[in-house]
> 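Shown below is the structure under consideration.
Protein chains get the first letters and strands the later ones, always in sequence-line order, with residue 1 at the start of each. The model shown is predicted, which means the values in this text are computed figures rather than measured ones.
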Amino acid sequence: MENMVEVLKEKVEKVVKKLYDLKLPEKAKFEIPKNKSYGDASTNISFLLAKTLRKNPKDIAQEIAGKLQEDEIFEKVEVINNFINVKYSPKYYSYLLSEINKPYFFLEGVKEISLKGKIQYEYVSANPTGPLHLGHARGAIIGDVLTTILKRAKEHLSLDYQLDREFYINDAGRQVKLLTASVLLRIFTLDKNDLSWEELITSLKDNEEFLNYLKEIGITLEELKEEGYRGDYIKEIAQEYLKNYKKINISDLEKFSLNWALNNIKKDLKDLGVEFDIFFSEKSLYEGKDFKEALDLLKPYIYEKEGALWLKTSLFGDDKDRVLRKSNGDWTYFAGDIAYHYSKLKRGYTKIINIWGHDHHGYVKRLKIATFLLDCLLNNKNPEEEFKNIKNIDNYQKLNVILVQLVKLFRNGQEVKMSKRKGTFVTLRELLNEVGKDAIRFIFLTKSHETPLDFDIELAKKEANENPVYYVKYAHARIASILRKAKNEFDLDWNLDRFNPEILNEEEKNLLKNLFFAKEIIKRTIQKQAPHLIPYYLLDLASAFHKYYSSCKILGNEKELTINRLILISAIKKVLKELLDILKVNAPEKM
RNA sequence: GGGCCCGUAGCUCAGCUGGAUAGAGCAGGGGACUUCUAAUCCCCAGGUCGGGGGUUCGAAUCCCUCCGGGCCCGCCA
């Protein structure tokens with residue numbers, strides 16, 4: 001009785017063999033029908049056999065159904081629209097209930113995918129130059145939910161893959177210099193609160209001490225004016241720096257600023273419920289051997305032209321070759337990323353998943369090619385030969401990039417253009433304070449990552465109480481309330497061995513099946529990397545419960561019936577709570 | 001010009017490994033609280049699934065093409 005769909009498949013397989021001496025066609029589908037009135041499991045087998053047998057699908061369906069009917073395991077077998085539909089026997093409901101009552105039973109959905117090896121998810125990876133904003137939050141939440149499922153599944157079921165969650169800190173390069181320069185500017189102008197950005201810059205254009213420091217950082221006044229970070233947090237860093245250090249030292253200032261920004265990010269992530277195992281520093285790539293080793297390895301595919309170093313990505317389907325080192329001697333971001341992915345391979349990851357904003361999609365191909373090259377070369381394989389096998393770099397599956405569509409921000413219906421440099425962006429922190437973690441996580445998850453997310457701040461604040469998350473929470477709180485009453489006022493207890501599926505009505509049986517479906521939802525969530533399936537399922541389940549609640553009085557006069565209903569709703573409560581827990585959304589006992 | 005994603009109800013979106021009558025929330029109209037929490041439920045209205053072609057017993061789903069929208073296309077990060 002593992003799974004009713006599987007059972008049906010086995011039985012049909014035998015019948016087809018017996019009746020027609022045929023194997024099951026590959027395309028034969030055994031599934032849970034979307035429309036519940038069609039039964040508990042169904043198959044389209046008659047359509048697929050029609051051609052080979054040169055028979056009417058209807059007759060085939062009837063013949064098979066007739067045979068299936070002889071089997072006691074099915075309570076009912078019918079043919080509707082030439083689909084064969086079967087209904088579970090009561091015994092199966094006992095099985096469902098006992099399964100559902102295992103802790104986090106739905107995590108078994110992960111087991112069915114049979115993951116193995118060493119898996120890494122990398123997400124968020126924001127520049128440590130300022131607070132996180134809403135765009136970061138989306139990737140963060142998606143990464144967090146996917147990895148939470150995998151982590152928990154591994155723990156609960158002792159599955160034999162490994163999983164690491166990584167944050168890549170871009171703590172090298174120009175944006176760090178800009179951050180340092182921006183803080184420096186504020187240190188020199190802490191008393192000038194009423195001046196605009198341009199005025200601040202102008203006020204220092206003849207300040208020799210300032211200009212010398214700026215030179216040491218390696219940023220010009222013009223660059224600072226155009227590209228400097230303007231947010232208020234820069235002032236905060238400046239003030240904090242002065243509290244900790246007596247005088248200005250550029251190296252200290254840089255470290256302090258980076259640290260401040262990174263700690264700020266970590267705090268935001270923590271409050272959003274997003275966790276990591278590893279914070280990986282870009283700088284460490286240059287300080288260690290990885291950078292050099294990666295480029296040495298790629299040497300056969302690197303050449304010099306017009307004073308720059310190029311990687312021959314065009315050999316593997318890229319539009320053109322890509323620059324690794326600019327003619328001015330600076331390494332490109334691409335070169336750093338190559339070293340970073342070299343490090344991932346060297347650390348033994350067999351499945352690497354990066355979650356990026358969709359605006360980086362043009363970058364996916366070159367990085368996949370570079371990683372593919374490193375992977376081949378590390379394993380002494382000829383990349384060109386290997387490439388013939390996979391034909392297209394898209395088929396290189398060790399590295400996958402999940403592209404998350406951007407978050408568009410609205411305020412009262414007006415789009416707010418976000419710019420981190422100019423400081424005109426709404427921070428995650430602001431939203432956490434005003435809307436709260438639960439609502440942010442839930443709203444962000446109710447859309448597929450392939451769809452842009454329009455987020456209206458005012459609407460989110462104003463309608464906080466009408467948010468879908470409350471609908472689900474309310475279902476949980478309502479059940480909790482009934483259970484309290486059953487215990488305190490009626491002195492009932494609803495032990496599982498008192499479960500009697502015979503007395504359940506159709507609606508109640510459907511609820512039970514619906515609960516069991518959580519396992520399938522988790523399986524699909526991981527398979528399709530689509531965490532939005534969970535909130536949709538939760539809304540559906542909550543709706544089914546609310547409907548049931550309003551049509552059926554749980555605490556009735558008949559004790560056995562009442563107890564069975566209590567068993568059912570406490571199972572609903574359990575699934576709601578455990579799935580909300582995966583989303584890291586609180587499930588309240590009272591509202 | 002090339003690439004990725006999207007186009008489903010007035011709005012925001014699910015459904016897309018092909019299946020049975022295309023779903024939900026919000027907005028609109030109408031009902032249900034002396035009864036376990038009305039943050040709820042029920043009913044009504046609203047659709048040529050962007051257009052056209054193809055594959056198939058069967059297409060919102062797969063393929064082609066056109067139209068419309070977003071994002072990207074640097075020796076930026």
Side-chain angles (χ1 to χ4, degrees), chain A residues 27 29 31 33-35 37-38 42-44 46-48 50-51 56-57 80-83 85 127 129 170 172-176 178 227 282 305-310 319-320 322-334 336-337 357-365 401 403-406 408 446-456 459 463-475 477-486 489-490 524 527-528 530 532-533 535-537 539-540 542-543 545-556 562 565-566 569 590-591:
Chain A
K27 284 170 76 183
K29 229 169 145 179
E31 59 182 356
K34 278 175 203 158
N35 186 331
S37 67
Y38 288 124
S42 76
T43 176
N44 62 352
S46 66
F47 296 104
L48 298 161
K51 212 177 232 177
N56 194 321
I80 306 169
N81 300 337
N82 301 338
F83 286 80
N85 302 293
N127 287 337
T129 51
N170 295 127
R174 221 170 94 85
Q175 72 280 2
V176 175
L178 279 168
E227 302 171 71
E282 182 187 359
K305 191 181 89 181
E306 293 161 6
L309 274 191
W310 301 70
D319 302 335
K320 55 177 187 174
R322 303 292 172 177
V323 172
L324 297 171
R325 195 186 61 208
K326 297 180 256 177
S327 49
N328 71 3
D330 288 349
W331 292 98
T332 59
Y333 189 82
F334 182 42
D337 250 358
H358 191 267
D359 52 340
H360 291 85
H361 81 264
Y363 195 74
V364 174
K365 193 168 229 169
V401 181
L403 295 169
V404 179
Q405 288 282 350
L406 303 185
K408 261 196 208 163
T446 45
K447 271 168 200 170
S448 154
H449 62 80
E450 287 175 338
T451 307
L453 178 73
D454 289 350
F455 194 92
D456 194 306
L459 210 67
E463 299 195 340
N465 289 328
E466 293 168 31
N467 195 289
V469 69
Y470 291 94
Y471 185 81
V472 177
K473 288 183 173 210
Y474 185 49
R478 257 186 161 176
I479 297 172
S481 163
I482 300 169
L483 296 181
R484 268 196 306 273
K485 190 158 181 167
E489 293 179 31
F490 294 82
R524 291 185 194 178
Q527 247 172 359
K528 299 164 86 174
H532 72 280
L533 296 175
Y536 273 95
Y537 171 76
L539 287 166
D540 186 58
S543 165
F545 167 72
H546 284 309
K547 194 171 184 165
Y548 175 58
Y549 175 90
S550 60
S551 70
C552 168
K553 176 105 173 146
I554 312 284
L555 301 172
T562 299
R565 286 171 174 168
L566 289 170
I569 64 165
K590 269 184 188 171
M591 275 173 82

> Select base, sugar-phosphate, or nothing to describe what I80(A) touches, counting heavy atoms under 4.0 Å on all strands.
base
> Regarding A486(A), tell me which of base, sugar-phosphate or nothing describes its non-hydrogen contacts under 4.0 Å with the strands shown.
nothing
> Let's see if you can work this out: which of A20(B), G19(B), U37(B) has an atom nearest to the side-chain heavy atoms of N44(A)?
G19(B)
> RNA chain B: stems of at least 3 consecutive Watson-Crick or G-U pairs, cut-off 3.5 Å?
B:1-7 with B:67-73, B:10-13 with B:23-26, B:28-32 with B:40-44, B:50-54 with B:62-66
> When you measure from the side-chain N and O atoms of R565(A) to the phosphate of C36(B), is any distance below 4.0 Å, counting only OP1 and OP2?
no
> Output the rounded distance in Å from CZ (F490(A)) to P (U35(B)).
14 Å
> Between the protein and nucleotides 74-77 of chain B, are there any N/O to N/O pairs under 3.5 Å, and if so, what are the atom names and distances?
residue	atom	partner	partner atom	Å
C75(B)	O2	S327(A)	N	2.7
C75(B)	O2	S327(A)	OG	2.8
C75(B)	N3	S327(A)	OG	3.3
C75(B)	N4	E306(A)	O	3.3
C75(B)	N4	E306(A)	OE1	3.0
C76(B)	OP2	K326(A)	NZ	3.1
A77(B)	OP1	K326(A)	NZ	2.9
A77(B)	OP2	Y333(A)	N	3.4
A77(B)	O3'	Q175(A)	OE1	2.6

> Which nucleotide sits closest to the side chain of K590(A): U37(B), C16(B), G19(B)?
U37(B)
> Determine the contact category for H546(A): base if any of its heavy atoms lies under 4.0 Å from a base atom, sugar-phosphate if only primed atoms, P, OP1 or OP2 are that close, otherwise nothing.
sugar-phosphate
> Taking ring-ring contact (aromatic ring centres under 6.0 Å, His included) as the test, write out the residues that go with H449(A), two or more places apart.
none
> Scan nucleotides 5-13 of chain B nucleotide by nucleotide, 5' to 3', and note B when protein non-hydrogen atoms come under 4.0 Å of the base, S if they reach only the sugar-phosphate, - if neither.
SS-----SS
> Please name all residues satisfying ring-ring contact (aromatic ring centres under 6.0 Å, His included) with F47(A), sequence neighbours left out, ordered by chain then number.
F83(A)
> Got a sec, which residues hit ring-ring contact (aromatic ring centres under 6.0 Å, His included) with Y548(A), two or more places apart in sequence or on another chain?
none
> Using a heavy-atom cut-off of under 4.0 Å over every strand shown, decide if P57(A) touches base, sugar-phosphate, or nothing.
nothing
> Looking across every strand, which nucleic acid part, if any, lies under 4.0 Å from K51(A) by heavy atom: base, sugar-phosphate, or nothing?
sugar-phosphate
> Any donor-acceptor pair under 3.5 Å between the side chain of N85(A) and the base of A20(B)?
yes
> Minimum heavy-atom separation for K447(A) to H532(A), with atom names?
O-CB, 3.6 Å
> With heavy atoms under 4.0 Å as the rule, sort K365(A) into base, sugar-phosphate or nothing.
nothing
> Using a heavy-atom cut-off of under 4.0 Å over every strand shown, decide if K553(A) touches base, sugar-phosphate, or nothing.
base
> With C1' as the reference atom in both, quote the distance from G69(B) to C62(B) in angstrom, rounded to an integer.
23 Å
> Base, sugar-phosphate alone, or nothing: which one does N56(A) contact when heavy atoms must sit under 4.0 Å apart?
nothing
